[in-house]
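Side chains are part of it too, since the values below use all heavy atoms of this structure and drop only hydrogens, waters and symmetry mates.
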Amino acid sequence: MKWIVLSDNRAKDPSLQTEHGLSILLETGHHRILLDTGASDVFIRNAKRMGIDLGTVDYVFISHGHSDHAGGLCHFMEVNKRAKVIVSPEAVKGKFYSMRNELHSITTIWPEEMGERSIIVDHTYEVADGIRVMAHISQTHPMPKGNRHLFVRDDEGNYLPDDFRHELALYIDGLLFTGCAHSGLENILAACPWPVTTVVGGFHLLDHHETKNELAGLARRLTNNYPQTVFHTSHCTGDIAYAIMKKAMGDRLYAFCCGTRREIGESSGRDSEKE
């Protein structure tokens, strides 16, 4: 099983485009699964640059309703006419807003033709052979402080704090994909009933939100409570937050970027990128 980053905030290869978004192609022995679609068609252009045919993708997993993770779905539907879309009903119907800097919409524009190709997930279950999806994640551990900027608008036009009932996590063969982990990394791990060897995704640990001590404490708990698990992050994990956690976690935490290619079971977490 391997995964390849198609869209992210960062890139080492200057020929690959970046954006505030996330999209990863996961290849198993049975399926090709697109994990989120970024904010635009950047993931498609990067896939072409890397010689990847997205027409062969079997499933698209949408982790939550924000446009930096689902905004590219309309473009994907144009290049792939068969893949099923795994999504929460709350993600599709929600109206999402961010108040960072100034109020702006982060609601996804969903493809009209998505309906007949959708797998709507409103509870945790196995949606296909080996593909398990977690929904309505309990929030017993601390939530990321960056969530305080994020809201949903109700039918009366009121802006309410986002409770992230629209967020899903995907599990397959020991790999747990967190999307942005708005529900909190510890909450997602605690809710996962299957053994996790690899965690991939954003952690929503924005710089200058959690304190240094809070980040170091989180890193220690992850290391101690999940001794068999290796973590990979980028996108909504800030550079400062990553550096603090990396110091505490060592070879249990790695960064990825556009073009990163990794295989599950590699003895090293180092990138195996191809130019």
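In this structure the side chain of Phe177 never reaches within 4.5 angstrom of the side chain of Tyr171, judged on heavy atoms. No side-chain heavy atom of His232 sits under 4.5 Å from any side-chain heavy atom of Leu253. The shortest side-chain heavy-atom distance between Thr197 and Val230 does not fall under the 4.5 Å cut-off. Side chains of Leu73 and Val60 form a contact here, defined as non-hydrogen atoms less than 4.5 Å apart. Between Lys95 and Val152 there is no side-chain heavy-atom pair separated by less than 4.5 Å. Side-chain contact between Pro144 and Glu210 is present, with at least one heavy-atom pair separated by less than 4.5 Å. Looking at heavy atoms from C-beta onward, Val85 lies out of side-chain contact with Phe61 at the 4.5 angstrom threshold. The shortest side-chain heavy-atom distance between Ile62 and Thr37 falls under the 4.5 Å cut-off.
With respect to Lys48 and Asp53, no salt bridge is recorded, no charged nitrogen being found less than 4.0 Å from a carboxylate O. Between Asp58 and Arg82 there is a salt bridge, with a side-chain nitrogen of the basic residue lying less than 4.0 Å from a carboxylate oxygen of the acidic one. Glu27 has a carboxylate O that lies under 4.0 Å from a charged side-chain N of Arg32, or vice versa, which qualifies the two as a salt bridge.
No option in Val199, Thr198, Thr178 other than Val199 meets the side chain to side chain contact (heavy atoms under 4.5 Å, CB included) test with Phe231. Here the rule is side chain to side chain contact (heavy atoms under 4.5 Å, CB included) with Tyr59, and of Ile119, Leu35, Leu34, Val127 only Ile119 fits it. For the ring pair (Phe, Tyr, Trp, His ring centres under 6.0 Å) test with His66, the passing option among His149, His166, His204, His104 is His166; the others fail. Residue Ser7 is tested with Glu19, His20, His69 for a side-chain hydrogen bond (donor to acceptor under 3.5 Å, both in side chains); the sole match is Glu19.
When the side chain to side chain donor-acceptor pair (under 3.5 Å) test is applied to Ser105, the partners found at least two apart in sequence or on another chain are Thr107.
With hydrogens and angles disregarded, a donor-acceptor distance shorter than 3.5 Å links the side chain of Asn46 to the backbone of Gln17. With hydrogens and angles disregarded, a donor-acceptor distance shorter than 3.5 Å links the side chain of Glu167 to the backbone of His182. In this structure, the side chain of Asp36 engages the main chain of Ser63 through a donor-acceptor pair within 3.5 Å. Under a 3.5 Å cut-off, the side chain of Thr237 and the backbone N or O of Phe203 do form a donor-acceptor pair. For Arg153 (side chain) and Leu160 (main-chain N/O), no donor-acceptor pair under 3.5 Å exists by modelled atom type. When atom types are taken as modelled, the side chain of Thr108 and the backbone of Gly65 share a donor-acceptor pair closer than 3.5 angstrom. Judged by distance alone, with hydrogens and angles left aside, the side-chain atoms of Ser138 form no donor-acceptor pair with the main-chain N or O of Thr140 at under 3.5 Å. Side chain of Glu126 to backbone of Gly130: a donor-acceptor contact under 3.5 angstrom is found. Checked by atom type and distance alone, the side chain of Asn80 pairs as donor or acceptor with a backbone atom of Gly55 at under 3.5 Å. The backbone N or O of Ala219 lies less than 3.5 Å from a partner atom in the side chain of Thr223, making a donor-acceptor pair.
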Start with the C-alpha distance between Trp110 and Val87, add both sets of side-chain angles, then the distance that settles side chain to side chain contact (heavy atoms under 4.5 Å, CB included), and finish with yes or no.
CA-CA 11 Å; Trp110 301 96; Val87 65; 4.0 Å; yes
Side chain to side chain contact (heavy atoms under 4.5 Å, CB included) assessment of Thr18 paired with Asp8
CA-CA 6 Å; Thr18 62; Asp8 184 53; over 6 Å; no
Full working for ring pair (Phe, Tyr, Trp, His ring centres under 6.0 Å) between Trp3 and Phe256:
CA-CA 11 Å; Trp3 50 276; Phe256 62 74; 5.8 Å; yes
Might you work through the ring pair (Phe, Tyr, Trp, His ring centres under 6.0 Å) test for Phe164 and His64, ending with a clear yes or no?
CA-CA 8 Å; Phe164 300 101; His64 60 296; 7.4 Å; no
Stepwise ring pair (Phe, Tyr, Trp, His ring centres under 6.0 Å) test for Tyr97 and Tyr159
CA-CA 8 Å; Tyr97 288 81; Tyr159 293 93; 5.2 Å; yes
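Residues Leu150 and Leu103 do not share a hydrophobic cluster, defined by chaining ILVMFWY side chains whose heavy atoms lie under 4.5 Å apart. Residues Leu26 and Val196 are members of separate hydrophobic clusters, defined by side-chain heavy-atom contacts under 4.5 angstrom among Ile, Leu, Val, Met, Phe, Trp and Tyr. Residues Leu189 and Leu168 do not share a hydrophobic cluster, clusters being chains of Ile/Leu/Val/Met/Phe/Trp/Tyr side chains in contact below 4.5 Å. Leu175 is connected to Tyr125 through a chain of hydrophobic side-chain contacts under 4.5 Å among Ile, Leu, Val, Met, Phe, Trp and Tyr, so both are in one cluster.
Nearest heavy atom pair, residue Ala83 against residue Val57, reads CB-O, 3.4 Å. Counting all heavy atoms, side chain and backbone alike, Tyr242 lies closest to Ala255 at OH-N, 3.1 Å. Residue Ile240 comes nearest to Asp207 through the heavy atom pair N-OD1, 3.1 Å, listed as atom of the first residue, atom of the second, then distance. In terms of heavy-atom proximity, Ala241 sits nearest to Leu205 at CB-O, 3.5 Å. Nearest heavy-atom pair across Met114 and Val92 is CE-CG2, 3.9 Å. Met99 and Phe151 make their closest contact through SD-CE1, 3.6 Å (heavy atoms, listed as atom of the first residue, atom of the second, distance).
For CZ of Arg165, the number of neighbouring non-hydrogen atoms (other residues, nucleotides, ligands) closer than 6.0 Å is 12 at most. Enclosure of atom CD1 in Ile109 is not indicated, since only 12 or fewer non-hydrogen atoms of other residues, nucleotides or ligands lie within 6.0 angstrom. For Asn224, the CG atom sits in a packed shell: over 12 heavy atoms of surrounding residues, nucleotides or ligands are nearer than 6.0 Å. Annotation: Lys145, atom NZ; neighbour count of heavy atoms from other residues, nucleotides and ligands within 6.0 Å is above 12.
A donor-acceptor contact closer than 3.5 angstrom links the side chains of Ser234 and Arg10. There is a side-chain donor-acceptor pair under 3.5 Å between Ser15 and Asp13. Inspection of the Asn9 and His235 side chains reveals an N or O donor paired with an N or O acceptor under 3.5 Å.
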